[in-house]
Amino acid sequence: MSTEQRRRPFPFDQFEPKWQRVWDERQTFHVLNPGEPGFDASKPKYYVLDMFPYPSGSGLHVGHPEGYTATDIIGRFKRMSGFNVLHPMGWDAFGLPAEQYAIKTGQHPRATTEANVATFKKQLQAIGFGYDWQREVNTTDPGYFKWTQWIFLQLYNSYLDPILKIARPMKYLEDALSEEPKLQHEWQESGWLLTLHDMFKGTDQSDLIERNRLAYISHAPVNWCPELGTVLSNEEVIDGKSEVGGHPVDRRPMRQWMLRITAYGQRLIDDLDGLDWPESIKMHQRNWIGRSEGATVMFTVEGSSEKFLVYTTRPDTIYGATYTVLAPEHFSIDVITTDEQRAVVREYREKAASKSDLERSELAKEKTGVFTGAFAINPVSGERIPIWVADYVLPSYGTGAIMAVPAHDERDWEFARKFALPIREVVSPEPRLGLGGGGVCDAEPLEVFCGEGFAIHSGPLDGLPTSEAKAEIIRRLQETGVGKSRIQFKLRDWLFSRQRYWGEPFPIVWENGKHRALDESELPLLPPELLDFKPTGTPEPPLSKATDWVRYSDTATRELNTMPQWAGSCWYYLRYIDPTNNERPFDRKAEQYWMGANIPPYPKDPAKVRSELHKMLEYCRARHSGERHRLALGYVDETAARAIREATGVDTRGMFHVLDTYAINHINKTHGAPIIEEPRGQIAVTDDDYEMIPSVLAAPDRIINAGKSHQGLDVLCFVKQVNGTIFVVEEVRAAKNTLSIVTMWKKKGTASDADIVACSSTSKTLRSPEVLTHFGKPVKLELESADMTAPEYRDSRKVGASPSPGVDLYVGGTEHAVLHLLYARFWHKVLFDLGHVSTPEPFQRLVNQGLILGEDGQKMSKSRGNVVNPDDVIKEYGADALRLYEMFMGPLEATKPWSMSGVEGVFRFLARVWRLVMEENAEGEWLPSTTLQDIPMDKATAKVVHATIKKVGEDIEALSFNTAISQMMVCTNALTSANPRSREAVRLLVTILGPFAPHLAEELWERTGGTGLAADQPWPGYDPALLIEDEIEMPVQVNGKIREKIVVKKDATQPEIEAIAKAAPKVAEAIAGKEIKKLIVVPGRLVNIVVG
RNA sequence: GCCGACAUGGCGAAAUGGCAGACGCAUGGGACUUAAAAUCCCUUGGAGGGCAACUUCCGUGCGGGUUCGAGUCCCGCUGUCGGUACCA
């Protein structure tokens, strides 16, 4: 026993399990929901989330605990700082790897999953993470996937409103179809129905519904992986191979479920701006969504009635189009191909069709193609240009056809050179006036130029810079009806079905060739118990083997596909909020609390709010001398602020949102619950002429845009005119048939010289070109904006300085930069549109932990033999040392190699902390240290302890854990040399060490006579007065070189410092006989003397 | 090719435009010990000078610039890593 103990510099192996047991028994980290007895509503919320693991058979590796330790430190710290902290953990247990592992080991996936979860949980608990295990979720649990299926039904039963660009229940569309005359009357004024009506015209109703579902059936070619026996989403295919396993992937048409994520492309891009995410991840998502602005242009085929559309981002180069190219899959090819070319075209198309994506991209180096024999007419020049077929044009992007401008596109250039097609320069990097700039020039350029410049040889465009040339040609195309501006996305709809066993079955049945949804009461739909769940080797899903299960009724059979692994991980963070709810996916009140429904993105201190408010009022008064306004101020939400910023160039950060109190009261009354409440801060400022509102409402209007308020309500924007005053009015559709005024912009005078008085919160309205052009000039907003670089704003953006809307902090690896994070945002937005969640974005702040490499600096892998197992580290050095080392390695986001001797370093540090309290006698037993005494801290001790409290707190907020730990090391080194040693000082150190090394902290807290748990202690404050030095050492530079250091009193005046500096011997020597040109004193920092 | 990130001792790394290298690892030396382990103390960017206290010069990938002052800001390179690839 004693020899065993002697080998351990401190008995972590005894007290670590002990405290883990105590936390578990007392449920220390369980947090209550609003409404539960004992819930403290006065505390702000903090939701800190880990990317939940996929419980693989090999258990945790040291990469897992890195992010988990970071969130655990934050969670424990926020708890100590007075927050209600939601810090949960769960299991992403459906999916391909689990099924393959089960097949390999010959067990049922449920059995392997359960075993793996048990292993993972045990491992995580051994590290002492403060998770609320009562909120554990598992995506394979029927109580969980019941609601995954429910969300699928929400998608299935929703459509994207063509005007509002938001998801709405399919019922609205059905109602609109059945009650068309009634709605026509009701909605006519809003200008809304017209568009809807256009949409219905000449269309079969049920077909219209099917075509508008957010979850729909497609027969388009999909990525089929024969090896895995399933289809894969675009996101899961990399370089023509499956992301899992790297197997080849074909394209073949199959009947599949798709989710209409493309409908959210713009919003998924726009809303990134307001998120506190790494810029690289945002960029990644933007690139993936791939928005581009351009135009579609109609080309007619010579001697035929056939026409085809091309898409181009450079319509300004249309005069340089010397041929066109159709994708091999293009449906016009059969019609236009001439007889003499028919054989060669058919052969080319067949070859292209048989190529997999992989082959198509592998052979990309060399362009191929064939001439159709047909010619198209360039709609602007009337020129006759050949139509080619080539596989460098993709069928699934744009219109599947291009106009080729070889002089200004690298791919077209390459193709034209290979097939000796003409190349015509129509853009010049420099403006070319007169000579050679106009007319048609046949001299071919020597190289391709893809940049922007000035149009040449382009008829009416000649001389225009590229951007203007684009606008001008689009205007002309639209005028003549041959072209249109168009925004195009790379993003494709999400292929949502898999031919696998281990996934959520679709709550869908098929009858007479038509699909319909199961009723909510039939959920969860369990998968059948299958002994043989291997892939069939054909596109027939394994569920087809469960013949009894498949039969739903005499005439109906079940959908055989299952959902992909991403389904469960798209919403798990919402289920943590209320994980055992059987009635709903989560309680609405709990969701509002934990997702921070009413928290403004930029919290401010009250004094600042008041002063901003007065500025706003002054502004309004100045604009409308003598008029009285009733205003209420809230915060501008980020989307609105951004929209204004984009539209006007005005820095809107910190700007206020002006609301009409009439509207607030009205909407609160009609909507039931208060929508806008403190701290959004409605403050009536003066009386208003809002008696006018009824007449404004009654006035005829013109709809100019529609969007969504951040409370999740539909908003229509109108322009109205009353007695010569133009009003911009927003109406909110709180529920069907309910109209309420929420926000009013008022504008005086004529349309050409008016200014907007105040702005609303709806980004779509503000962003729309209609709003901007309506006023004849850009909207001008001259509100004084707050300086967001000021400390109070900067600090507010740091972790946990205040709660934020959505998950406050989400930590995980970069591997989910597009897939999980894009899918989850999409689902969240749908749920938001449908009113199930309160925020448009799920994760306010995202941090990627860096990769941990092996000791050899290589990626950890079994084959390299450099994998570090956390269990071994815990056995040897304890969980606290593991946690501390993971945080001490370097910045959280950096890639860094593991080092066992580094672990030993922090282990020694922990042992030193232990010995602050305990000492070993000759027999090797640990006894309370006699050095530790109940004495007040001396000045030096107090200083280092308080400096440590300050720095550690600040560093945790900034996720700068490595520097926090180094400061605690400094403090420990200082306390080690103290004799006698102040008990108070040690206990303060132990308290702040708690989030990092919780076991040791609890043990020492107890041993230094603390009551309760260290984890429950409030985070200690520090006394700034103790940190100020009486005397400051300042370096003195002469011409930027340090000559000497001087010591001055902390309150020394500038002249005093100057005199001392000049008198210092080395300095005096250096400046002797020279003219002092300049003397800079940076108080508390340094002195620099510039001599000539 | 394009996009993004990064570049500081032997190593992991610190440094609101203000003393480069905090803290840790590893080195070398010392104390305790019969010895070892553990622990404690000191040393350590490079080059040079002094018996010494000490001291001089050079140093943050390369080249410029802004500044009294640059690892930090700007311009131009080079290299490493990550992502992506016919998206018109």
Side-chain angles (χ1 to χ4, degrees), chain A residues 6-9 238-239 278-284 286-288 290-292 294 310-315 317 325 327 360-361 363-365 367 390-394 396-405 408-412 414-415 450 488-492 789 791 794 814-815 817-818 850-851 857 884-885 888-891 893-906 908-909 911-912 915 920 924 960 962-970 972-973 976-977 1033-1042 1044-1045 1077-1082 1084-1091:
Chain A
R6 275 178 78 96
R7 274 200 282 120
R8 304 229 182 262
I238 294 165
D239 286 341
E279 208 42 56
S280 62
I281 301 286
K282 291 190 186 182
M283 195 62 71
H284 220 117
R286 284 193 198 102
N287 289 345
W288 186 264
R291 181 186 195 272
S292 69
V310 303
Y311 174 70
T312 177
T313 51
R314 291 295 298 270
T317 62
V325 187
R360 220 157 139 162
S361 61
L363 302 170
K365 314 233 151 46
K367 297 254 178 308
D391 67 3
Y392 82 90
V393 174
L394 305 176
S396 48
Y397 183 78
T399 58
I402 61 158
M403 60 174 208
V405 186
H408 305 292
D409 182 283
E410 269 185 52
R411 294 149 303 180
D412 297 344
E414 222 178 284
F415 192 81
C450 302
Q488 177 71 36
F489 295 94
K490 278 199 270 187
L491 183 70
R492 311 289 153 77
T789 59
R794 208 178 51 228
T814 8
E815 66 273 20
V818 282
L851 200 63
L884 210 62
Y885 176 64
F888 187 63
M889 291 170 84
E893 288 161 277
T895 303
K896 47 217 174 254
W898 185 267
S899 155
M900 249 347 156
S901 48
V903 181
E904 248 167 280
V906 295
R908 278 203 281 269
F909 159 67
R912 286 161 69 92
R915 287 197 307 270
E920 203 173 9
S960 184
N962 52 336
T963 52
I965 294 167
S966 82
Q967 180 62 35
M968 289 189 284
M969 287 172 167
V970 169
T972 302
N973 291 345
T976 297
S977 51
E1033 193 189 56
M1034 288 174 79
V1036 181
Q1037 298 181 335
V1038 177
N1039 285 352
K1041 280 193 176 167
I1042 291 166
E1044 184 140 15
K1045 288 171 186 173
K1077 284 187 173 168
K1078 204 166 181 179
L1079 205 155
I1080 293 136
V1081 177
V1082 185
R1085 284 290 184 182
L1086 56 52
V1087 180
N1088 192 7
I1089 303 171
V1090 186
V1091 295

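- In this model, the phosphate group of B:A88 is approached by a side-chain N or O of A:Y397 to a distance below 4.0 Å at OP1 or OP2.
- Looking at heavy-atom distances under 4.0 Å, A:K490 makes contact with a base.
- Within the 4.0 angstrom heavy-atom criterion, no nucleotide atom of any strand lies near A:P278.
- Counting non-hydrogen atoms under 4.0 angstrom, A:G290 reaches nothing in the nucleic acid.
- Within the nucleic acid shown, A:I1042 comes within 4.0 Å of sugar-phosphate atoms alone, with no base atom in reach, counting heavy atoms only.
- Nearest-nucleotide positions on RNA chain B for A:M1034 and A:G1040 put A:M1034 closer to the 5' end.
- Between A:M969 and A:V906 the shortest side-chain heavy-atom distance falls below 4.5 Å.
- Under the Watson-Crick or G-U wobble criterion, with both distances below 3.5 Å, B:C62 is paired with B:G76.
- Base pairing of B:C68: its partner is B:G18, meeting the Watson-Crick or G-U wobble criterion (both donor-acceptor distances under 3.5 Å).
- Within the 4.5 Å cutoff, the side chain of A:K1045 has heavy atoms near those of the A:P1035 side chain.
- At least one side-chain nitrogen or oxygen of A:R912 sits closer than 4.0 Å to the OP1 or OP2 atom of B:C40.
- Rounded to an integer number of Å, the gap from CG of A:L1086 to C1' of B:A20 is 14 Å.
- Using Watson-Crick or G-U wobble geometry with both donor-acceptor distances under 3.5 Å, B:G12 finds its partner in B:C23.
- The shortest distance between side-chain heavy atoms of A:E904 and A:Y885 does not fall below 4.5 Å.
- Of the candidate nucleotides B:C68, B:A88, B:C23, B:C68 has the atom nearest to the side chain of A:I1080.
- The distance from atom CZ of A:F415 to atom NZ of A:K367, rounded to the nearest 0.5 Å, is 9.0 Å.
- The nearest whole Å value for the distance from the CD atom in A:E1044 to the C1' atom in B:G18 is 18 Å.
- Nearest to the side chain of A:N287, among B:C25, B:C3, B:A22, sits B:C3.
- Taking only side-chain nitrogens and oxygens, A:N1039 never comes nearer than 4.0 Å to OP1 or OP2 of B:G69.
- With a cut-off of 3.5 Å on both pairing distances, B:C86 has no Watson-Crick or G-U wobble partner at all.
- Counting heavy atoms from C-beta outward, A:D412 and A:I402 have side chains that approach closer than 4.5 Å.
- Contact annotation for A:T895: backbone-only contact, meaning every heavy-atom pair under 4.0 Å involves sugar-phosphate atoms and none involves a base.
- For A:R1085, no side-chain nitrogen or oxygen approaches OP1 or OP2 of B:G69 to under 4.0 Å.
- By the 4.5 Å heavy-atom criterion applied to side chains, A:M403 and A:T317 are counted as neighbours.
- Partner assigned to B:G4 is B:C81, using Watson-Crick or G-U wobble distances below 3.5 angstrom.
- Considering only side-chain N and O atoms, A:S292 lies under 4.0 angstrom from the phosphate OP1 or OP2 of B:A88.
- Glycosidic conformation, B:G30: anti, with the torsion outside 90° of 0.
- If you check every strand for non-hydrogen atoms under 4.0 Å, A:Q1037 touches a base.
- A close approach under 4.0 Å does occur between a side-chain nitrogen or oxygen of A:R915 and OP1 or OP2 of B:C40.
- Nearer the 5' end of RNA chain B, as judged by each residue's closest nucleotide, is the contact made by A:V1082, out of A:V1082 and A:S899.
- The base-pairing partner of B:U39, taking Watson-Crick or G-U wobble contacts with both distances under 3.5 Å, is B:A31.
- Listed pair A:N973 / B:G24 meets the phosphate criterion, a side-chain N or O lying under 4.0 Å from OP1 or OP2.
- Distance, A:N962 CG to B:G24 P: 13 Å, rounded to whole Å.
- Of the listed nucleotides (B:A88, B:G12, B:A15), B:G12 has the atom at the smallest distance from the side chain of A:P897.
- Put simply, the side chain of A:K1077 and the base of B:C68 share no donor and acceptor less than 3.5 Å apart.
- Side-chain proximity of A:N1088 to the nucleotides B:C23, B:A88, B:G18 is greatest for B:G18.
- Between A:M900 and A:V903, the closest side-chain pair of non-hydrogen atoms falls below 4.5 Å.
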